[in-house]
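See structure below.
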Amino acid sequence: MDWQSDLMSPVVRDTAVTRAARRKMLTSRPIPSPTTDWSPGVAMVTPARPMLRTPGSLFRQAVTPRLNPDVSAIIATGNKSQRFTRNLDDSDWTNSILPSPRSGWADTSFTDDFTNVNSALLREDDPGESAASSLLSDFLSAFLKHSSSAVFDLLEDYHNLCLDKVEVLQKVVQRMGASSRTAGVRWILQQESSTWRLMTSLYRDRVQSALEEDIDMTVASQSEKLVVEQLFQRDALIRQGQLVVDWLESIAKDQIGDFSDNIEFYAKNVCWENTLHALKLRRKGSVGLSIPLVTELDPDAPLRQQRPLANLDREDDTRLLKNLLTLIRAGMTEEAQRLCKRCGQAWRAATLEGWKLYHDPNMTSGLGRLTPVEGNPNRRIWKLCCWSLSEEEQLDRYERAIYAALSGNLKALLPVCESWEDCVWAYFRVLVDSLVEQEVTSSGLANQEEEPLPREYTEANWTLEKIFMELQATDSKRVLEEHGEHHHIIQRLVILGDLDGLMEEFSDWLSSTKPLPSHLLRFMTHLVLFYSSLGIALKEEVCVAVLQSYITLLIEEQQSELIASYTSQLPTALAVQCYASYLEGVSQTELQRRALHLAADAGLDVAAVTQLVVEAVRERDGPEFTPHTHTLDTNTTQDDQKKIDVIDWLLFESAHRAEALKQSNAIMRRFLAVQKHEAAKAVFSKLPADSVKEVQRQWAGLQPDTPLPAEDLNAIREHRCIRAYLEAHEAFSDWFSHSSSAPQKPVPASQAKFTERVANEMRENEYQVECTAWRGRLQVLVDEVKERVYQVLLFADGWMIDTPEGEVSERGLQMALLRSLCVPRLSFLLLSVLTSSSRHQEALQLADVLAAANNHLHQVFSKEDLRRFLQKIRESSLMLLDCGLDALGYT
């Protein structure tokens, strides 16, 4: 809480505490280069660690820290939120000023012109999500803009992005109502902006503390101010406790704006004006009073005389006290004093002044001239009086709470704290106040003759853990509910520095059946990345789970431009697997090309990604390689087409051509095993004709004096083997198609006339010509089939055999199975072509080729296949014998 605009308990507030002023400051400040080095003097650490205001006693004097602190650099407040005015009622002073997470903003009297709200946005089913969806890309842009050394500038950008979106959503809420879903989105973003602000202030201090040497700077001091200054310099607990208070006060200040300027009171400039007027009338005897009012108008008169003020004055007092408490809650004590003076209660303004730490600069300055003394030399007495007032049950509860906040009386302060933020503010204010009092007392500067502070105050021994345990045990249903909200859990664990506990909460949320809000998941992701940029070790499995969940969300939201950057933050192997899984669902060529470009820009291993995509698709039916010798459905299915098209991933870059050869070979092996020759041809046609030359050219550019690796050589050899087989099968298909389309002999008509007989003779002549051409073409195709099949059977060093042969692998086993399947199949096809063309002698020559010892072709035949083949050879021999030739076809 920003208590005092001048209450600088070790910090002095400036105009930058408001969002508007800070925005002006940010826009006038040059944007740091994203290549800034990690340096304590650059963006990572403040020019000087800010010494925060001490809440409990409002030690806001100019306690000069050793590093000239600036609270605005710690709190990192952004632009001011919408301002509004409201007269508080007796029901709930915090609800009147601060928005509820479930109810939206408390007041609707904004001065903004909401007519500029996009009407198309209002027509959306969920305008809140639609309006805030740009945060996904905005956060990535901010993340990429800043280097790891500018992490705190990055957090400020996150904070400002959320605030800007909250302002937009507020306009939508004004049109749609506070109960709309948009109000919920706005509240989430509002909480997120607060959390980024907290992260900035706490970790800026923690990082700088870690970078500085641990030097004991304790020296004897002669004033409270110097003692407290040294305390803030060396004690991280009080310093960060004050940061929490400043954070809560700055949030409250942004939300209430300048409402005090618009508050109207019955009395103007004169304290209890209506009571004064009534007493004057009574003294003149012009009117009698039905109610016994106070007879004196000093500040203690109502309590001393046990008599009331005039009704209008009581209303004024109640309104004033509630507004004063609101201002103190927002850290605006100076504004509260100004309001008191405006209402004619300068004495009350004076009661808010006694917190200042005493310091006599003349004791140490050594100057010839005297300097005014600072602070309150009787601060302990003032504090005891405040405590006493906070315990006075006859006072208004808001007045008691005011003095409870000044004196550290938690018991009297908590009853007016309705929200989780209010309670945390109260506890941390008392924590810092008590630590300051302990230090002042232990320094020996306190007057031992004065009455000691109450034991319940001095013996509380507050710690961060104890504070949140007390909050968890509260009787307030609302505080308990808010204590369990996502961002409040995160804020609590960040304040405690319990990162293991934070990771456990993240893990529980991710494993829950209830989906997390998209903006919460985005926040969790960037929080994990922030810790990573600081080099803080977290549970890797949880961080990975958070990133994967966010990447899944981006895929569902079709945020294709963002996926690669976040995937690159995963461990290398997992990043490749994750991005490959995403690419499996990308089918359009331009989107595929763009996805690979983004992957390369993000630093992903594009070659490994594309390889994994192809392998995942081609093995989608299972890793088993099962050839079939019986007749199957050889049509190309939709799944087959996906396997064909997946090769495109490897053809965008020529550097991946070698992998394209290997993967296309693997896909074609599977198609050939199930006799899907058309599908295999489609895969083959995907590869550019110069693929082999391109592989050789690339290798020559890398290793001009070294031959291609055996793996690449064998891939090229296999590619040529498959091409030879497909050409042979295509030649057979052409022959079979031609042989099945013989010309049809014309049928002469019976008892035809002369003209009809002439026509029949002409048709017969045409038929003879067609038959001659058909037979000639058939013989050419037979020769073509024979040539193509022999190219397979007599392939150099063996068809589908690696040279040199490597270790036994899955690929090698598949090639051996294909060899045992395709060689007999082609042999039977050629045999059927030759025998049907009455080329029986050539059929016997085929048997010689298969039986040749140097070819080893007969070894790939099963016994059953050999029996069938020899039976057909026998039939050819018998046909030769019937033609008057010997069994081998010779005369």
Side-chain angles (χ1 to χ4, degrees), residues 624-634 665 668-681 684 717-736 739 781-803 805 811-837 839-879:
E624 296 82 7
F625 183 83
T626 308
H628 298 282
T629 56
H630 55 280
T631 302
L632 298 171
D633 180 10
T634 59
N665 289 344
M668 288 188 287
R669 286 199 301 269
R670 288 181 175 271
F671 284 147
L672 293 180
V674 293
Q675 303 184 44
K676 292 192 174 184
H677 300 99
E678 293 302 319
K681 291 176 186 177
F684 195 91
R717 176 179 172 81
E718 181 184 358
H719 176 76
R720 290 170 173 166
C721 288
I722 294 175
R723 180 177 64 184
Y725 178 83
L726 292 176
E727 290 174 347
H729 194 275
E730 185 174 6
F732 173 79
S733 298
D734 292 343
W735 171 85
F736 183 80
S739 65
L781 291 176
V782 171
D783 292 337
E784 180 75 12
V785 173
K786 178 181 176 181
E787 180 184 357
R788 297 299 183 186
V789 171
Y790 272 117
Q791 286 180 357
V792 174
L793 299 179
L794 301 179
F795 199 92
D797 297 321
W799 186 78
M800 281 298 199
I801 295 178
D802 284 340
T803 56
E805 295 188 28
R811 172 179 170 275
L813 295 176
Q814 291 180 6
M815 292 172 65
L817 285 173
L818 270 185
R819 180 175 168 82
S820 65
L821 177 67
C822 295
V823 169
R825 183 185 299 162
L826 281 182
S827 300
F828 278 106
L829 291 178
L830 178 57
L831 185 60
S832 66
V833 170
L834 294 175
T835 54
S836 63
S837 303
R839 295 189 179 188
H840 300 294
Q841 188 174 16
E842 295 180 26
L844 296 179
Q845 292 173 358
L846 174 61
D848 291 338
V849 171
L850 295 178
N854 60 327
N855 294 332
H856 306 289
L857 295 175
H858 63 281
Q859 296 178 358
V860 301
F861 282 74
S862 65
K863 291 182 179 180
E864 180 61 29
D865 287 340
L866 280 176
R867 187 179 297 110
R868 287 175 49 233
F869 187 82
L870 292 176
Q871 179 63 33
K872 292 183 178 295
I873 293 296
R874 177 179 175 275
E875 292 173 359
S876 293
S877 295
L878 292 176
M879 294 297 295

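Along the sequence shown, residues carry numbers from 1.
- In this structure Leu878 satisfies the side-chain contact (heavy atoms from CB on, under 4.5 Å) test together with Arg874, Leu881, sequence neighbours excluded.
- Glu864 and Arg867 are joined by a salt bridge, as a carboxylate oxygen and a charged side-chain nitrogen come within less than 4.0 angstrom of each other.
- At most 12 non-hydrogen atoms from other residues, nucleotides or ligands lie less than 6.0 angstrom from CZ of Phe736.
- Ring pair Tyr725/Trp799 is tilted by interplanar angle, where 30° to 60° counts as tilted.
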Practice task
For Met668 and Phe684, run side-chain contact (heavy atoms from CB on, under 4.5 Å): C-alpha distance rounded to whole Å, both residues' side-chain angles, the deciding distance at 0.1 Å, then the answer.
Solution key: CA-CA 8 Å; Met668 288 188 287; Phe684 195 91; 3.8 Å; yes
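- The line from SG of Cys721 to CG of Asn665 is 9.0 Å long, rounded to the nearest 0.5 Å.
- In this structure a side-chain-to-backbone donor-acceptor pair under 3.5 Å is present from Ser836 to Val833.
- Salt-bridge check for Lys786 with Asp783: failed, with every basic side-chain N at 4.0 Å or more from each acidic carboxylate O.
- Ring pair His677/His729 is parallel by interplanar angle, where below 30° counts as parallel and above 60° as perpendicular.
- The minimum heavy-atom distance linking Glu784 with Ala731 is given by the pair CG-CB, 3.9 Å.
- Here the straight-line distance linking atom CZ of Phe671 with atom CG of Leu726 works out to 11.5 Å at 0.5 Å rounding.
- Rounding to the nearest 0.5 Å gives a distance of 11.0 Å between CG of Leu829 and CG of Leu834.
- In this structure, CD on Gln791 lies 13.0 Å from CZ on Arg720, to the nearest 0.5 angstrom.
- Taking all atoms of both residues into account, the shortest heavy-atom contact from Ala851 to His858 is O-ND1, 4.1 Å.
- Screening Val789, Leu793, Ile873 for a side chain to side chain contact (heavy atoms under 4.5 Å, CB included) with Leu846, the sole residue that qualifies is Leu793.
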Exercise for the section: Start with the C-alpha gap between Phe861 and Arg868, add the side-chain angles, then the distance that decides, and say whether side-chain contact (heavy atoms from CB on, under 4.5 Å) holds. Expected result: CA-CA 10 Å; Phe861 282 74; Arg868 287 175 49 233; over 6 Å; no
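- In plain terms, the two heavy atoms of Pro824 and Arg819 that are nearest each other are CD-O, 3.7 Å.
- Side-chain atoms of Arg669 do not come within 3.5 Å of backbone N or O of Met815 as any donor-acceptor pair.
- We find the CD-CD distance between Glu787 and Glu727 to be 9.5 Å, quoted to the nearest 0.5 Å.
- Rounding to the nearest 0.5 angstrom, the gap separating the OG atom in Ser820 from the CZ atom in Arg825 is 10.0 Å.
- Applying the salt bridge (charged side-chain N to carboxylate O under 4.0 Å, His left out) criterion to Glu678, with sequence neighbours excluded, gives Lys681.
- Minimum interatomic distance between Phe828 and Asp865 (heavy atoms only, all atoms of both residues): CZ-O, 3.4 Å.
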